[in-house]
Amino acid sequence: MTSNVERFDIKVNVHGGGESGQAGAVRHGITRALIDYDAGLKGDLARAGFVTRDAREVERKKDGLRKARRAKQFSKR
């Protein structure tokens with residue numbers, strides 16, 4: 001897409017999260033590095049959907065619940 005495949009050697013270490021989240025983080029990091037290298041690539045990368053970060057985060061656990069939304073199971077007996 002940006003025809004920079006032969007120009008760079010990339011080595012990445014990623015910790016935490018799952019495989020999909022790590023892949024997204026690597027893709028986003030490479031995208032930001034390419035934009036820092038050449039700002040003219042931003043349009044092509046944005047059209048491909050690489051510039052926007054996935055903003056979802058883990059919801060915090062609430063008091064009185066088992067997880068963020070999971071409560072104890074209710075029983076009438």
Partner set under side-chain contact (heavy atoms from CB on, under 4.5 Å) for Ala46, not counting sequence neighbours
Val51
Partners of Val58 by side-chain contact (heavy atoms from CB on, under 4.5 Å), sequence neighbours excluded?
none
Report, one line per pair, each donor and acceptor closer than 3.5 Å where one atom sits in a side chain of residues 15-25; sequence neighbours left out.
from: Gln22; atom 1: NE2; to: Gly16; atom 2: O; distance (Å): 2.8

Quick one: closest heavy-atom pair of Phe50 and His28, and the distance?
O-ND1, 3.8 Å
Is any side-chain heavy atom of Phe8 closer than 4.5 Å to one of Leu34?
yes
Just grab all the ring-ring contact (aromatic ring centres under 6.0 Å, His included) pairs involving residues 53-77, residues at least two apart or on different chains.
none
Salt bridge (charged side-chain N to carboxylate O under 4.0 Å, His left out): which pairs involve residues 64-77, sequence neighbours left out?
Glu59-Arg69
Which pairs with one or both residues in residues 26-46 pass salt bridge (charged side-chain N to carboxylate O under 4.0 Å, His left out), sequence neighbours excluded?
Asp44-Arg47
